[in-house]
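Both ligands and their constituent atoms are indexed starting at 1 by order of listing. Values below: every heavy atom of this structure, side chains too, minus hydrogens, waters and symmetry copies.
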Amino acid sequence: MKKLTISPISKINGKINLIGSKSLSNRALLLSALATRATKITNLLDSDDTRHMLNALRELGVKFQLSDDRTECEVQGVGGAFDIQDSLALFLGNAGTVMRPLAAVLCLKGKNTVEVVLTGEPRMKERPIAHLVDALSQLGADIDYLENQGYPPIAIKNRGLQGGKVKIDGSISSQFLTALLIVAPLLEQDLDIEIIGDLVSRPYIDITLTMMKDFGVTVCHENYQNFYIKANQRYISPKNYLVEGDASAASYFLAAGAIKGKVKVTGICKNSIQGDRLFVDVLEKMGAKVTWGSDFVEVEKGELTGIDVDLNHIPDAAMTIAIVALFANGETVIRNIYNWRVKETDRLTAMATELRKVGAEVEKGEDFIRIQPLPLNQFKHAEIETYNDHRMAMCFSLIALSGNPVTILNPDCVSKTFPNYFQEFKHICSTEI
Ligand SMILES: O=C(O)C1=C[C@@H](OP(=O)(O)O)[C@@H](O)[C@H](O)C1
Ligand SMILES: C=C(OP(=O)(O)O)C(=O)O
C-alpha cells in the first residue's frame, strides 16, 4: 500500500487559495441540470465526488462543457425531469451528495418507463439510505434494494412521485431531506414535509435552501420541522454560479495556523453559506486569533485550551477539532456526532483508534469522543490507517506539527474531495531542516 511520511513541521506560514466546495459544486451541477437555460459554474471542485456527479449527469443525457482545468462548467439545463431513454446503472463511488439527491430526482416521472440502478463503492453499500427511500415510497416511488435492505444499490423504476404530505427521519443524515427538498418543486402537487427525529447537520439544509433560492425556488419552513414547497415550479438558471471555497477543506490549514503559526485562507468569508465557516468560531473559542476579511479568514496561533462542545452542526470539520485537541491545554469533548459512524468509515472508531496509535488518551462513546491533550514529547511516529476516508488522511497530516513525523497510509484517498491536498499543505509548512 502506498504511504506518505510527513516530516516534522517546525512552523506554519502562508496563504492558501481554496478549491471549490464539494457540497456547493454538486448542488450547483444538479440544480443547473434541472434548470431551464444554461448555467456557467465557476470555481467548480474537480475531485472524485464531482466527477461522479458529472458522469451520472452525462449518462442521464445532460449536456455540459468543462474547461481544460475542469473548474468551469457550462451546463445545459433540461428544465425538469431527466429524459432517460434506456434502463441504466450509475456508479456513484462513495459520494453521498450524488447518491442521495439523485435517488430522489430519478423518481420523477419521465417519458419512458425505464429502470435506473444506483450503486457505488463497497462503503457506499454500507451507508444507510432507508430514511430517504421510505419517504420517497410514501410519495409513490417504487424502489427495490438489490443487496441489503436499507442500503444501496437500489433500483428505481421511473414511475413518478406524487406530492401531499410526507414524513422523513432526519436523525442520521441531512442529505435525505436535501434530496427531498430538491425534488419537491418539480412535483405536480404541493409537498408538506414533516421531520421526525432530530434533524442533524442542519447548516447543510441552509445550503440547500439558499441554493434553491439562487435557482428561483423558495421554500417555507417552520423551525426546520415542517417544510412547504409549491408544486409545478421550475428551477431557473442564475446564468452564472460562483462556488465558494470549501470551508471543510479550509479547516486543516486553519487548524495548522492555530497550532503552529499563521495561515490566511481565501475563498470564504464570515457570511459564507457553508456551516463549516463556524469551525473558525470553535478555533477562536479554543484560543486561536482570528481575523475575517471580505474574501478571507486568517488564523494565528494562540494559547489553545480544550473545549466541551456539541459539533452536530459541523460534522466534517469536527474531525479537525479532534486533532487540535491534542495540542490544547485540558481535555476536549466533542458531542452529538453519532453520524460520524455512517460516513466514509465509522469515523468515531477510526478517530479513536488512530489517535491512540499516536499516543493519545481517548474515550469514545456512542455519540461523543473525549480526547486528552498530548505533551509534545509523548507523540509517537505512527502509521495512520485512513480507512479510505479523505478526512482521516487530511486531519492526521496535522500530527507532524508535534515535531514528530507521521505516516499516512493510502494518502491518495484525499481525491474524494481534495486531490492536491498534500501539495497545498506543503506550501504552508517549514520543516526542521
Ligand atoms: O449535504 C451535504 O453537502 C453534506 C452533508 C453532511 O452529511 P450528513 O447530513 O449526512 O451529516 C456532510 O457530512 C457531507 O460531507 C456533505
Ligand atoms: C461525509 C462526507 O461525504 P459525503 O458527501 O459522501 O457524505 C465528507 O465529505 O466528509
Between ligand 1 and [X], is the shortest N or O to N or O distance under 3.5 Å?
X	result
D316	yes
R100	no
R391	no

Legend entry - Structural part of S201 in contact with ligand 1, heavy atom criterion under 4.0 angstrom: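 Just the side chain.
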Inset, instruction - May I ask you to identify, for I207, whether its side chain, its backbone, both or neither come under 4.0 Å of ligand 1 on a heavy-atom basis? - result: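 For I207, there is no contact with ligand 1 at all, from either part.
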Give the residue and atom name of whichever protein heavy atom lies nearest to [atom], and the separation in Å to one decimal.
atom	value
atom 9 (O) of ligand 1	S174 OG, 2.5 Å
atom 2 (C) of ligand 1	Y204 CD2, 3.3 Å
atom 2 (C) of ligand 2	E344 OE2, 2.9 Å
atom 5 (O) of ligand 2	K22 NZ, 2.7 Å
atom 7 (O) of ligand 1	K343 NZ, 3.2 Å
atom 10 (O) of ligand 1	S173 OG, 2.6 Å
atom 10 (O) of ligand 2	R391 NE, 2.6 Å

Numbering the atoms of ligand 2 from 1, which are under 4.0 Å from a heavy atom of [X]?
X	result
H390	8 (C), 9 (O), 10 (O)
N94	6 (O)
K416	3 (O), 4 (P), 6 (O)
T97	5 (O)

Side-chain ([X]) to main-chain ([Y]) donor-acceptor, under 3.5 angstrom:
X	Y	result
R356	T353	no
N312	S201	yes
D246	I19	no
R341	T349	no
E188	Q162	no
D190	A231	yes
R123	E344	yes
S237	K239	yes

Legend entry - Enumerated ligand 1 atoms positioned under 4.0 Å from heavy atoms of K22: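 Numbered from 1, ligand 1 contributes 14 (C), 15 (O), 16 (C).
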Inset, instruction - Could you list which atoms of ligand 1 come closer than 4.0 Å to a heavy atom of R27? - result: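 Those of ligand 1 that fall under 4.0 Å from R27 are 1 (O), 2 (C), 3 (O).
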Legend entry - T178 and T208: side chain donor to acceptor below 3.5 Å: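 Result is yes, a qualifying pair exists.
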Got a salt bridge between [X] and [Y], using NZ or NE/NH1/NH2 to carboxylate O under 4.0 Å?
X	Y	value
R370	E331	yes
D48	K22	no
K343	D389	no

Inset, instruction - May I ask you to check whether A95 has an N/O atom sitting below 3.5 Å from an N/O atom of ligand 2? - result: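 A95 vs ligand 2: no N/O contact under 3.5 Å.
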Legend entry - I182 to Y235 - nearest heavy-atom pair and separation: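 That closest heavy-atom pairing would be O-OH, 2.6 Å.
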Inset, instruction - Could you tell me if any non-hydrogen atom of T178 lies under 4.0 Å from any atom of ligand 1? - result: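 Not so, T178 does not reach ligand 1.
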Legend entry - ligand 1 contacted by N339 (non-hydrogen, < 4.0 Å):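 The answer is yes, since N339 has a heavy atom less than 4.0 Å from ligand 1.
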Legend entry - Pick from K343, M319, R127, M99: the one approaching atom 7 (O) of ligand 2 most closely through a non-hydrogen atom: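 It is R127 whose heavy atom sits nearest to atom 7 (O) of ligand 2.
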Inset, instruction - Determine whether the side chain, the backbone, both or neither of D316 has a heavy atom under 4.0 Å from any heavy atom of ligand 2. - result: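 Side chain only.
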Inset, instruction - Please say which of D308, D310, D367 ends up in a side-chain hydrogen bond (donor to acceptor under 3.5 Å, both in side chains) with R335. - result: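 Of the listed options, the one satisfying the test is D308.
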Inset, instruction - Using non-hydrogen atoms of the residue, decide whether R347 is closer than 4.0 angstrom to ligand 2. - result: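 Yes.
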